[in-house]
A.B. asks: 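The structure is given below, and queries will be raised subsequently.
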Amino acid sequence: MPQNKPAETAGLETYGKDNFLKPHKMVITYDSRQALLTNDGSHETMYTSLFVETKTLIRSAFSAAQTITGEKLSLEKWDEVRSQRGVAFLYGSSIEADAFLSMLGASNIKLQGVKGIDAVKISTADDKLYILDNRTESCFAYSIPDTLTDLGYLLFRLEKGDADTGVFLSKIDPRQYGRNVIVPTWTQPNSIAVLEAVNEMRTPKDTIPDSIAALFNEEVSALSIIKNTEGTTIYTDREDQVVKLYSNGLFEYARYNIPGQAQSSVSVADAIDISTAFINRHFGFPKDTVLSEIIRTMQGDKYIIRYKYRNEGIPVVLDSASGAEAIEIEIAGGEVKRYKRVVRSVTQVLEAKEVMSSVEILDILLNKKITAFSGENIIAVNDLYIAYFERRFQDRINYIPVWVADVTVEKADSSMHQRMRYIINGETGIIMDK
Amino acid sequence: MLKKILVSTAIFAAIFASGSAVYAQADKAMAAQKDMPAYELIEDNLESKTFEKMQVISGSAREGTSFSLSLYWFKADNGKSIIAKKKETGSAAINGEWLHQDTAEWKVGPSGIFVQPVTLEIGKNKLVLNITDTAGNKAERVWEIELQEEAMVKEHINSYVFKDINKAIENPGQK
């Protein structure tokens with residue numbers, strides 16, 4: 001199959017794709033306990049140091065040859081390994097091995113046998129890198145040739161710090177909780193501030209901003225502006241490109257006719273490069289953006305790449321009506337076909353809300369009265385984490401602390417299993433969205 | 001025909017029985033001894049000596065089971081923690097008293113799990129976990145844990161650091 005070289009390769013230095021390796025959860029294991037390290041203000045330096053050092057060590061495990069064969073182990077081995085001293089990166093969804101290597105800057109390497117990467121762990125106990133691959137239901141082990149002095153030192157510094165202690169719930173009930181469900185435990189009630197935010201992009205009066213004009217291949221004078229009654233502003237070249245700026249802050253770019261090889265395949269590494277360069281050129285990545293998921297067609301001719309961003313280390317989630325993630329890009333035949341983003345700028349920190357513990361939230365979700373009322377019986381909890389959820393009150397946008405539960409439910413009216421996401425108000429325990 | 005029905009019945013019975021066995025097995029860990037509350041602890045064997053200030057008591061129990069976790073700290077009779085006295089006495093619990101520090105109480109909800117953190121003090125600590133189920137059956141677990149002092153932590157850290165330095169000396173070409 002022909003492989004297109006990416007047309008968009010400039011601007012990668014603005015926000016390096018290696019940042020997308022930042023995990024959904026960073027877990028530090030000491031001698032007998034785990035800690036969850038978030039990229040918030042007080043831990044940012046330590047988080048960055050650990051991220052860089054861990055990334056370097058992962059890279060060093062793959063430097064010996066182009067085709068790397070790890071020792072294939074059982075999933076149970078992963079359960080042992082996660083209790084060993086070291087650092088683990090847990091990802092919210094499985095990352096294709098080639099995509100992972102591309103973000104690592106090691107596209108020339110092939111990982112024999114690895115299909116997807118759900119988590120990685122550097123164990124200082126045995127100087128090894130472990131990869132959890134749920135797609136092959138395996139764990140792979142690789143030797144690290146480098147010494148672990150720097151990482152060991154960072155762990156010791158962190159050990160005396162105040163990062164939240166974490167507990168893997170699958171240790172308590174492996175039938176109910178997924179392998180990567182780790183929740184923080186607090187000795188004191190935990191408070192998180194509500195934030196006020198504004199749309200990243202404001203609708204200009206009657207001019208076309210340079211940032212929007214730059215998306216078109218035409219001169220600004222050739223573009224038209226249309227405003228509809230719902231407050232949406234539409235910019236178009238009246239041929240094949242359109243930009244819509246909705247009153248709720250949603251930005252959408254679409255290109256209908258992709259010239260040339262629209263049906264030809266593109267490697268996942270090229271798709272990441274195209275996406276990274278395009279977003280860097282057009283509005284950029286918000287601070288602390290991480291990869292959410294990569295979806296591709298079987299033929300490899302189309303990709304949808306989704307990103308989310310975090311505020312003070314806490315991921316921002318949208319309601320189900322606003323789309324899957326804050327930034328989404330669709331690539332077809334090596335070109336950007338669609339680009340969507342809903343990004344806000346935080347303007348003010350409002351009052352802090354005391355957040356319920358993870359067990360209190362699970363007690364609400366698994367209460368039989370609630371499941372009888374909703375007709376959804378939760379049979380597995382795949383993930384549980386704190387996030388900011390966006391609420392709009394007229395022109396005001398607030399970020400409210402919530403718990404997000406990724407669950408598998410069995411519907412009362414059928415025996416079908418379905419993945420669902422529950423958003424639960426962190427302060428009140430009320431289910432706000434699903 | 002009769003043979004076929006018998007074989008089918010036997011297979012059905014075997015499948016049904018094996019299913020029950022799975023559930024029975026899963027429940028076995030939590031199955032109460034007579035007059036004892038049903039619960040399971042993850043941290044069943046806490047270390048008697050640790051460098052970790054933060055400990056977590058977690059596990060599962062039937063909904064409605066009540067727990068109380070009390071933390072005591074050992075005050076040696078000269079006012080210092082037992083570590084300071086260990087050279088003199090050679091034994092931890094000879095002279096001194098246990099001082100109550102804190103008690104946390106909770107009831108297990110519909111999730112059937114609990115996670116309770118506890119912060120140890122430098123020196124010798126005692127954790128007393130009382131469990132009472134909805135029928136009023138009671139159980140108690142007690143752990144004595146010594147949180148090692150700073151100098152011992154440093155010694156522990158050095159053992160790791162020196163391991164890496166020794167490795168670097170053995171492999172001078174590496175970082």
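In the text below, chain A, chain B and the rest are named by the order of the sequence lines, each starting its count at 1. Bear in mind that the values here come from a model prediction, so they are computed numbers and not experimental data.
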A.B. asks: So what's closer than 4.5 Å to chain B heavy atoms on A/L155: side chain, backbone, both or neither?
C.D. replies: neither

A.B. asks: Of the non-hydrogen atoms in A/V167 and B/S58, which two are nearest, and what is the gap between them?
C.D. replies: CG1-OG, 4.4 Å

A.B. asks: Side chain, backbone, both or neither: which part of B/V115 has a non-hydrogen atom closer than 4.5 Å to chain A?
C.D. replies: both

A.B. asks: Rounded at 0.5 Å granularity, tell me how far CG in A/D363 sits from NZ in B/K107.
C.D. replies: 12.0 Å

A.B. asks: Would B/M54 and A/T187 satisfy side chain to side chain contact (heavy atoms under 4.5 Å, CB included), going step by step from the backbone distance to the final call?
C.D. replies: CA-CA 9 Å; B/M54 181 72 77; A/T187 47; 3.7 Å; yes

A.B. asks: Check this for me: B/E140, atom CD, are more than 12 non-hydrogen atoms of other residues, nucleotides or ligands nearer than 6.0 Å?
C.D. replies: yes

A.B. asks: Side chain from CB out, backbone as N, CA, C, O: work out which of these in A/F168 comes under 4.5 Å of a heavy atom of chain B, or both, or neither.
C.D. replies: neither

A.B. asks: Heavy atoms only, distances under 4.5 angstrom: which of A/V381, A/L169, A/L365, A/I172 has the most pairs with chain B? Name it, please.
C.D. replies: A/I172

A.B. asks: How long is the straight-line distance from CD1 of B/I57 back to OG1 of A/T185, given to the nearest 0.5 Å?
C.D. replies: 11.0 Å

A.B. asks: Is a donor on one side and an acceptor on the other found under 3.5 Å between the side chain of A/N367 and the backbone of B/P110?
C.D. replies: no

A.B. asks: If you look only at pairs with a residue in residues 48-58 of chain B, which of them pass as a salt bridge (charged side-chain N to carboxylate O under 4.0 Å, His left out), with sequence neighbours excluded?
C.D. replies: A/R33-B/E52

A.B. asks: Taking side-chain hydrogen bond (donor to acceptor under 3.5 Å, both in side chains) as the test, write out the residues that go with A/D164, two or more places apart.
C.D. replies: A/W186

A.B. asks: I need the residue from B/T119, B/I113, B/T50 with the largest number of non-hydrogen atom pairs under 4.5 Å to chain A.
C.D. replies: B/I113

A.B. asks: Should B/S111 and A/V359 be marked as a side chain to side chain contact (heavy atoms under 4.5 Å, CB included) after you check the CA-CA gap, both sets of side-chain angles, and the distance that decides it?
C.D. replies: CA-CA 7 Å; B/S111 67; A/V359 174; 4.1 Å; yes

